[in-house]
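First up is the structure itself, then whatever we jot down about it.
Order of the sequence lines sets the chain letters (A, B, ...), proteins ahead of strands, with each chain counted from 1.
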Amino acid sequence: MEPIANNRKNLLEVRNLQKQYGSNGKTNVIFEDLNLTIYENEFVAILGHSGSGKSTLLRMIAGLEHIDGGHLSIEGKDITGPGKERMMIFQNYALLPWLSVYDNIKLAVDEVMSEASEKEKKAHIKEHIAMVHLEDATHKKPSELSGGMKQRVGIARALAVQPLLLLMDEPLGALDPFTRAKLQDQILELYYERHQTIMLVTHDVEEALLMADRIIVLKVDEVASIGKVIDVPFEHPRDRKKLRESPQFNELRNETLSLMESYFEQMQTNNKKMEVSQFI
Amino acid sequence: MKTIKSNTSALLKLIILPLIGFSILILLWWLTANYLTNLMPTPLVAFKANWDYISNPFYVRGPGDIGIGFLLIQSLKRVIIGFLLGSLVAIPLGFLIGLSPTANRIFNPVVQVLRPVSPVAWLPVALAVFNLANPSAIFVIFITSLWPTVINTAVGVASVPKDYLNVARVIEMPRWKQIFKIILPASLPYIFTGLRISLGIAWLVIVAVEMLTGGQGIGFFVWDEWNRLNLSSVMLAIAVIGLAGLGLDLIIRKIQNFFHIEQIEG
């Protein structure tokens, strides 16, 4: 069922991860002891309701947020800060508005292929623009592109860096459902073609089930933790229409939705209790 | 039909309505000249008296009798030199304040205390140091040009979207490169806003400075003509100063548009 089910190689290891935020004297513990392994060539979705810490987790893996304990490693090497082997795709695209599509990608390529000749770089950039079908927009500025096109630039830029691990922080969150579906398919295609290891943060159950090999559902009691791990039983390549008609898919979707709903309610009652205890 | 209609409305918007505004201004002038003071000429009398200046702005008939065009150039020169020197200091200083919280704590209080001081108050200090009118005037313009550019640059640098910097961090771009490739371009709209405000105030201040320092310049011309009770020339100078200021602002806007830098309207 999974591409390489048996001799899976560990790519990313999260061990005893701790994270807390301090605000006006109070420390707010987010993660206390989180453990997680991501395998090579795997597509993992981190699923959670808002406030479940899923973006924080991804940003810590990206190195954009510091950790308060435990350790993170990729290919056995400790993660101490941001690095180009863990490229991030941002929800609001994070394209530089004064640069064209080509130059936005070049900015990243210049950093990671500093040894390469200009000609090689140019070919590399062109190849990645073609990969997301944006040849006609090569010299356009981000302001001239639609949201879906902007995120395709974001994806092209990230893949041009050739990361070991691609981190996506709700990359399709700001898009309409149809553009979203189209981009989901495109991301899957890239996943098949390049055997890219991907971590996707999302709150959309259907998106997670459609795309991921494994879903990690986060829940929040006092702190955030892994509530459930779902091995998605559907064969790749996946066809969204067929899946929607499959009873197994619908069952799994409804089950996961109810699970997330119960996690969300749990968090809210916990929050209320905490508010009450503060007043007493 | 439609095109004719839109043509007339464009004509109305661009020419007729502004003309109404100026007509009201001239009417107020005329009322003032006729009923409130007898030192002031009516618009028509002033125009006739100024005809020599207007038709022949560049003449030299002696050290104290120079065409208004030359006087304007003298003032512009001071403003531009002072402004450029000021910007040369203000932009890097703004960068430093925007980038480093420590630098912010060191310099921000100084900026906040000095910013409300009328730049003209620096004139005696400058005169004491330089002993000459012209460098002193330029120094006052230098001071004038500092604050808006420092503050706007610092705000621009500090408000570069976090995600732009996160992208740079993820691709492991060195810090010095981030400054030139990301922070500078992202804060250019703010820097230009600062420059425009600075230049605008510098042009206001130069008139006052020249009134005090004397010499050649449009500001001293205003004061000199008042001392001769020649208000026609004063009215002309007001118009010339206004148009020149507008021109300066337009030049900065054109530079900004040329480099496709977004305008922050304030």
Side-chain angles (χ1 to χ4, degrees), chain A residues 55 58-66 79-100 103-114 140-144 150-151 153-155 157-171 174, chain B residues 87 91 94-95 98-102 149 152-196 252-266:
Chain A
S55 278
L58 199 76
R59 293 169 61 82
M60 284 191 285
I61 294 169
L64 293 173
E65 204 141 339
H66 81 101
I79 292 172
T80 53
K84 46 201 167 203
E85 77 284 355
R86 288 160 283 130
M87 190 63 194
M88 179 99 159
I89 290 178
F90 298 87
Q91 180 177 5
N92 51 7
Y93 325 121
L95 301 177
L96 303 177
W98 60 88
L99 296 179
S100 67
D103 289 332
N104 261 292
I105 299 173
K106 188 173 191 301
L107 187 89
V109 169
D110 278 343
E111 288 309 311
V112 293
M113 297 175 66
S114 45
K140 283 189 179 160
K141 296 273 169 67
S143 57
E144 298 169 79
K150 282 183 201 163
Q151 195 53 293
V153 180
I155 292 167
R157 177 175 63 187
L159 290 176
V161 172
Q162 297 180 300
L164 294 173
L165 176 61
L166 185 62
L167 304 167
M168 301 200 202
D169 188 7
E170 299 194 43
Chain B
S87 306
I91 294 173
F95 252 82
L99 285 174
S100 145
T102 312
T149 306
N152 278 281
T153 304
V155 168
V157 167
S159 56
V160 173
K162 261 255 144 68
D163 274 347
Y164 296 179
L165 296 170
N166 283 340
V167 168
R169 288 171 67 199
V170 172
I171 59 175
E172 298 177 53
M173 185 184 272
R175 186 69 174 155
W176 64 268
K177 220 170 169 184
Q178 289 180 26
I179 291 177
F180 290 102
K181 293 200 115 175
I182 297 190
I183 299 171
L184 177 64
S187 46
L188 273 180
Y190 289 87
I191 295 176
F192 265 87
T193 304
L195 291 176
R196 271 182 59 205
I252 290 212
R253 273 174 187 264
K254 288 280 174 221
I255 294 172
Q256 200 169 354
N257 288 339
F258 182 77
F259 290 108
H260 302 286
I261 298 162
E262 183 197 348
Q263 309 255 3
I264 300 174
E265 289 302 329

Please state whether the side chain, the backbone, both or neither of R59(A) comes within less than 4.5 Å of a heavy atom of chain B. side chain
Where does L95(A) contact chain B at under 4.5 Å (heavy atoms): side chain, backbone, both or neither? backbone
State, to 0.1 Å, how close [X] and [Y] come at their nearest heavy-atom pair, and which atoms those are.
| X | Y | result |
| --- | --- | --- |
| P174(B) | E111(A) | CD-OE1, 3.6 Å |
| V170(B) | L64(A) | CG2-CD2, 4.1 Å |
| P185(B) | W98(A) | CB-CE2, 3.2 Å |

Using a 6.0 Å cut-off, check whether atom NZ of K162(B) has over 12 heavy atoms from anything other than its own residue. no
Return the CD to CG distance between Q91(A) and D163(B), rounded to the nearest 0.5 Å. 9.5 Å
Which bit of A168(B) comes within less than 4.5 Å of chain A, counting heavy atoms only: side chain, backbone, both or neither? neither
Portion of L188(B) that has a non-hydrogen atom of chain A nearer than 4.5 angstrom: neither
Passes side chain to side chain contact (heavy atoms under 4.5 Å, CB included), N166(B) versus M88(A)? Steps please. CA-CA 9 Å; N166(B) 283 340; M88(A) 179 99 159; over 6 Å; no
L107(A) vs M173(B), side chain to side chain contact (heavy atoms under 4.5 Å, CB included): CA-CA, chis, key distance, verdict: CA-CA 9 Å; L107(A) 187 89; M173(B) 185 184 272; 3.8 Å; yes
